[in-house]
Amino acid sequence: MANITAQDVKELRDMTGCGMMDCKRALEEADGNRDEAVKILREKGQAKAVKKAGRIAAEGVVKTKVNGDKGVIVEINCETDFAAKSDRFLELVEVIADTLLNNDVADVEALKSVTAAGTSMTVSEYLTDKIATIGENIQIRRFQMLEGTLIHYMHDGGRLGTIVKIASDKPDNADVIACGKNIALQATAMGAEYISRDDVPADVLANEKDVQTKLVEQEGKPANVAEKIVEGRIRKFYEEKCLLDQEYFKDPSMKIGKYIESVAKAQGCTITVEQFVRYERGEGIEKKEDNFADEVASMIK
């Protein structure tokens, strides 16, 4: 058996971009022969996976899952819609969701070191294996865990997902659960950022007031009506950004906050929205725009 040094492992890692342990095992299998180790990594699909790591992954799935009083929302990205709908990718998404529910991890990096649910591999190793199999860059982008009375909803094949935490003294009441589902639908469809006005950060509100004040000044509105115009626009801001201030999507004649109050009164209980998390697949990721004509021209050159 050849003596494998840390420097040997580092050099192979620099050449292939593979993980340290993957490089160490490949060198051991190749009896220290670096070229043979590279070949082993390529044959296992690990070096191939690394080459895909720089490609933009903006498709994929937002997955929500609840088990008892514990729930998770996670976004996992790949490169194409075709791959996102494949059984192999959807299986991966399910495994990652189960792994999150089974482990208390702080972030994606910590997640990668735990054992993937139903396998003997770490999440990092499992991802590498799936990247090689599916043939696309795959990234676990973000996740959030919640505990309590949870209702979740996924829309449009995982393009949007929301998980809502409510508090009620009748959490098992059918109408309370139905109310929770409608809250999840509302949050998903209308894209609120805060639960109530009280949750809007002071600096965000101050900035919005400053923006609207300057706009009113630019519009040349009389000073005696300018303040009321700004107040009206701030109300509009609340109605767009705050869940409880939004028009209820099933009955625009009432706010969602009033709808919740009406259900609570009818059932003789309390219902409070304590938290919600909404993800939209690929939000904030800059997608590559391909120009076919330019691509053909560059190939001719």
Side-chain angles (χ1 to χ4, degrees), residues 19 22 44-46 48-50 52-53 55-165 177 180-181 184-185 187-189 275-285:
D22 293 329
K44 289 182 177 180
Q46 290 164 332
K48 176 184 175 183
V50 170
K52 298 178 185 298
R55 304 207 310 229
I56 296 173
E59 298 297 332
V61 166
V62 172
K63 172 73 176 179
T64 60
K65 193 165 188 175
V66 172
N67 184 8
D69 64 352
K70 193 172 183 180
V72 64
I73 179 169
V74 58
E75 179 183 358
I76 303 177
N77 300 120
C78 58
E79 296 176 48
T80 66
D81 182 57
F82 178 78
K85 293 177 179 177
S86 69
D87 290 341
R88 287 175 176 173
F89 184 80
L90 295 176
E91 178 187 16
L92 176 150
V93 171
E94 202 70 34
V95 167
I96 298 303
D98 287 340
T99 303
L100 285 164
L101 289 172
N102 294 339
N103 294 273
D104 183 16
V105 291
D107 52 35
V108 173
E109 285 306 308
L111 172 65
K112 288 180 179 179
S113 65
V114 304
T115 302
T119 79
S120 59
M121 295 181 282
T122 65
V123 169
S124 180
E125 292 168 337
Y126 177 75
L127 276 175
T128 298
D129 179 68
K130 291 300 180 183
I131 290 170
T133 304
I134 295 172
E136 290 195 6
N137 182 19
I138 299 171
Q139 299 287 335
I140 302 171
R141 186 185 182 199
R142 53 182 172 166
F143 68 85
Q144 191 159 336
M145 307 293 298
L146 290 84
E147 287 191 37
T149 302
L150 305 174
I151 296 95
H152 63 115
Y153 174 69
M154 290 170 57
H155 179 71
D156 194 15
R159 182 176 65 84
L160 295 165
T162 301
I163 187 165
V164 175
K165 177 181 177 180
I177 294 171
K181 290 180 179 178
L185 284 167
T188 304
Q275 186 181 3
F276 75 90
V277 182
R278 176 188 184 273
Y279 284 173
E280 181 172 353
R281 179 187 64 212
E283 59 187 339
I285 298 177

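Every heavy atom of this structure was used, including side-chain atoms; hydrogens, water molecules and symmetry mates were not.
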Please tell me if the side chains of [X] and [Y] come closer than 4.5 Å, counting only heavy atoms from C-beta onward.
X: Leu150; Y: Asp69; result: no
X: Lys65; Y: Leu101; result: yes
X: Val62; Y: Ile73; result: yes
X: Glu75; Y: Gln139; result: no
X: Arg88; Y: Thr133; result: yes

Enter the distance from [X]:[atom1] to [Y]:[atom2] here, rounded to the nearest 0.5 Å.
X: Lys112; Y: Ile96; atom1: NZ; atom2: CD1; result: 10.0 Å
X: Lys181; Y: Leu185; atom1: NZ; atom2: CG; result: 9.5 Å
X: Asp22; Y: Thr128; atom1: CG; atom2: OG1; result: 6.0 Å
X: Glu147; Y: Lys165; atom1: CD; atom2: NZ; result: 7.5 Å
X: Gln144; Y: Leu100; atom1: CD; atom2: CG; result: 11.5 Å
X: Leu111; Y: Asn103; atom1: CG; atom2: CG; result: 7.5 Å

query: Is the side chain of Glu136 donor-acceptor paired with the backbone N or O of Glu79 at a distance under 3.5 Å, no angle test?
result: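 Such a contact is found between Glu136 side chain and Glu79 backbone.
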
task: With side chain to side chain contact (heavy atoms under 4.5 Å, CB included) as the test, would you mind laying out the steps for Val61 and Phe89 before giving the verdict?
output: CA-CA 9 Å; Val61 166; Phe89 184 80; 3.9 Å; yes

- request: Please say whether more than 12 non-hydrogen atoms of neighbouring residues, nucleotides or ligands are located less than 6.0 Å from CG in Asp107.
  value: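 Count over threshold, so yes.
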
field: Test log, rule side chain to side chain contact (heavy atoms under 4.5 Å, CB included), inputs Leu127 and Leu92
entry: CA-CA 8 Å; Leu127 276 175; Leu92 176 150; 4.0 Å; yes

Taking all non-hydrogen atoms of both residues, which atom of [X] and which atom of [Y] are closest, and how far apart?
X: Thr80; Y: Cys78; answer: O-SG, 3.4 Å
X: Tyr279; Y: Phe143; answer: OH-C, 3.4 Å
X: Ile151; Y: Ala184; answer: CG2-CB, 4.3 Å
X: Asp98; Y: Ala117; answer: CB-CB, 3.8 Å
X: Ile138; Y: Ile134; answer: CD1-CD1, 3.7 Å
X: Met121; Y: Tyr126; answer: CE-CD1, 3.7 Å

- request: Decide side chain to side chain contact (heavy atoms under 4.5 Å, CB included) for Thr64 and Tyr153; before the verdict, give the C-alpha distance in whole Å, the side-chain angles of both, and the deciding distance to 0.1 Å.
  value: CA-CA 7 Å; Thr64 60; Tyr153 174 69; 6.0 Å; no

- request: With side chain to side chain contact (heavy atoms under 4.5 Å, CB included) as the test, would you mind laying out the steps for Met154 and Arg159 before giving the verdict?
  value: CA-CA 8 Å; Met154 290 170 57; Arg159 182 176 65 84; over 6 Å; no

- request: Going by the side chain to side chain contact (heavy atoms under 4.5 Å, CB included) test, name the single residue among Thr162, Ile163, Asp156 that passes it with Thr188.
  value: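 Result: among Thr162, Ile163, Asp156, Thr162 is the only option passing the side chain to side chain contact (heavy atoms under 4.5 Å, CB included) with Thr188.
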
